[in-house]
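Data block below; observations after.
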Amino acid sequence: MEVLLSGLNSYLGKRAMSNLSKEDFNVHGIVRDLDLFKSRLFEKITATLDKVDLLRKGKEFDSFKIDSGIGLAIYITHVPTLGEYVNLNLELITLRNFIELTKLNGGRRIVYIARLMDKPYITEVEALLKASDITYTIVLKNLAIGKGSVLDKYMHQLINGKYLPYDKFFANVKFNPISSLDLLRWIYNVDWDKNFINETIEIGGSSTVTVQEMYRLYKKTLYPNADVKSILLPHFIMSMVFQQAYHIHKEDVIEFRRLMEREYPIDNTSWKNTMLFSFTPLAEVIKLDQ
């Protein structure tokens, strides 16, 4: 099956370009800026890569062709959040053009992947998909983890410091982190021709943990001898302290905290009665996917 993939600059998009292609699952990734995308890679890509601008379209858009037709189109949200007006409008433009490109290549099946934090704003995306006369599934996912993820980078930075500033609110956020490789394996194993037709489903890992528990699991698995002293701080000064003490980019801090503060546990009831799937234990994900 020929698979069209957009949203390559996201964490999941980059990992999909290196881990989603199979003998019977030929992934064709499209991105506006090839050089920028290649500069951010940390794995060898196994998918086909083409330059296509979904915002302005142009000659590459017009000439893009998959001769045998598209069996499945996967769109991973392009913008940092759907909760801002400008971002939402950009998302709708690129998604509309992605749908057009899919149809031009014989595709009739789209999977739209967003984050749980986007759930309150997904209505307009769903309306566009419904109006496009194409079969769709919206997948809302918990935080994806693994090599190169925001959480992975964040945890390494914290454990390698002498002190761990934290606040109780943030430390006690509960979520179901999902291995990015598990999520890609799940995508491959779904029978998209038969299942989740015009539905919105949610997916997360099998274990519910707090941010604090996740930190302890990273430390136990990768840095058992690390000596880090915890310091309780007021919630409102956390971002400033993290940036100065750990030299974590402001954008990464904002992204991670925004994701975590809007996460919540998922029991996977929206799909687990339809298909069998086993998740990789978190400790194994942390140990092996580095």
Side-chain angles (χ1 to χ4, degrees), residues 10-12 14-16 18-19 40-44 115-116 141-186 203-235 237-268 277-290:
S10 66
Y11 171 64
L12 186 62
K14 288 193 284 285
R15 300 229 69 183
S18 301
N19 298 281
R40 295 174 174 174
L41 289 172
F42 51 87
E43 295 176 296
K44 181 180 179 181
R115 300 145 300 207
L116 277 184
K141 65 175 183 63
N142 253 142
L143 188 70
I145 64 170
K147 176 170 57 178
S149 67
V150 173
L151 184 140
D152 189 69
K153 291 187 291 184
Y154 204 67
M155 290 299 172
H156 283 293
Q157 287 270 23
L158 296 182
I159 298 170
N160 281 309
K162 293 182 179 180
Y163 302 98
L164 172 64
Y166 75 99
D167 66 81
K168 289 183 179 179
F169 174 82
F170 186 54
N172 291 324
V173 171
K174 292 182 179 181
F175 67 119
N176 285 59
I178 183 170
S179 160
S180 54
L181 298 182
D182 278 355
L183 183 52
L184 296 175
R185 184 165 53 88
W186 179 86
I203 183 169
S206 57
S207 300
T208 300
V209 295
T210 64
V211 176
Q212 184 178 53
E213 289 167 343
M214 196 68 182
Y215 168 82
R216 289 172 177 169
L217 188 57
Y218 259 86
K219 186 174 181 297
K220 178 182 178 181
T221 305
L222 299 178
Y223 303 95
N225 299 318
D227 183 19
V228 185
K229 293 180 174 59
S230 300
I231 303 174
L232 179 63
L233 293 176
H235 182 65
I237 66 171
M238 281 294 295
S239 293
M240 179 181 67
V241 171
F242 270 52
Q243 291 168 48
Q244 293 181 354
Y246 296 95
H247 307 291
I248 297 174
H249 294 301
K250 180 180 179 182
E251 293 78 10
D252 284 344
V253 173
I254 293 172
E255 172 76 359
F256 183 66
R257 293 184 65 84
R258 182 172 61 216
L259 286 169
M260 294 306 305
E261 291 179 4
R262 297 184 185 179
E263 294 281 299
Y264 57 85
I266 290 175
D267 61 10
N268 294 317
F277 188 83
S278 59
F279 292 96
T280 306
L282 285 178
E284 190 173 329
V285 175
I286 294 170
K287 181 178 181 180
L288 299 179
D289 192 15
Q290 291 292 321

Option passing side chain to side chain contact (heavy atoms under 4.5 Å, CB included) with I286 (candidates M214, K220, K219): M214
Donor-acceptor contact present, side-chain N142 to main-chain P265, <3.5 Å: no
Contact summary for S149 and I145, nearest pair of heavy atoms: OG-CA, 3.7 Å
Set of residues satisfying side chain to side chain contact (heavy atoms under 4.5 Å, CB included) with respect to E213, sequence neighbours excluded: V209, T210
Side-chain (K287) to main-chain (T221) donor-acceptor, under 3.5 angstrom: no
Residues forming a side chain to side chain donor-acceptor pair (under 3.5 Å) with S18, sequence neighbours excluded: none
Nearest atoms (heavy-atom pairs only) where I159 meets Y218: CD1-CB, 3.6 Å
L222 and Q290, any side-chain heavy atoms less than 4.5 Å apart: yes
Rounded distance (nearest 0.5 Å) linking atom CD of E284 with atom OG of S179: 9.5 Å
Minimum side-chain heavy-atom gap L12-L184 below 4.5 Å: yes
Minimum heavy-atom distance N268-I203, with the two atoms named: OD1-CA, 3.3 Å
With K147 via side chain to side chain contact (heavy atoms under 4.5 Å, CB included) - residues at least two apart: R15, F42, E43, D289
I266 vs L116 side-chain heavy atoms within contact, under 4.5 Å: yes
Closest contact, heavy atoms only, F175 versus L143: CE1-CD2, 4.1 Å
Under 3.5 Å donor-acceptor, D182 side chain and F279 backbone: no
Residue pair S207 / L282: nearest heavy atoms and the distance that separates them: CB-CD1, 4.0 Å
Point-to-point distance, once rounded to the nearest 0.5 Å, from CZ of F277 to OG of S206: 10.0 Å
D152 versus H156, closest heavy-atom pair with distance: O-CD2, 3.0 Å
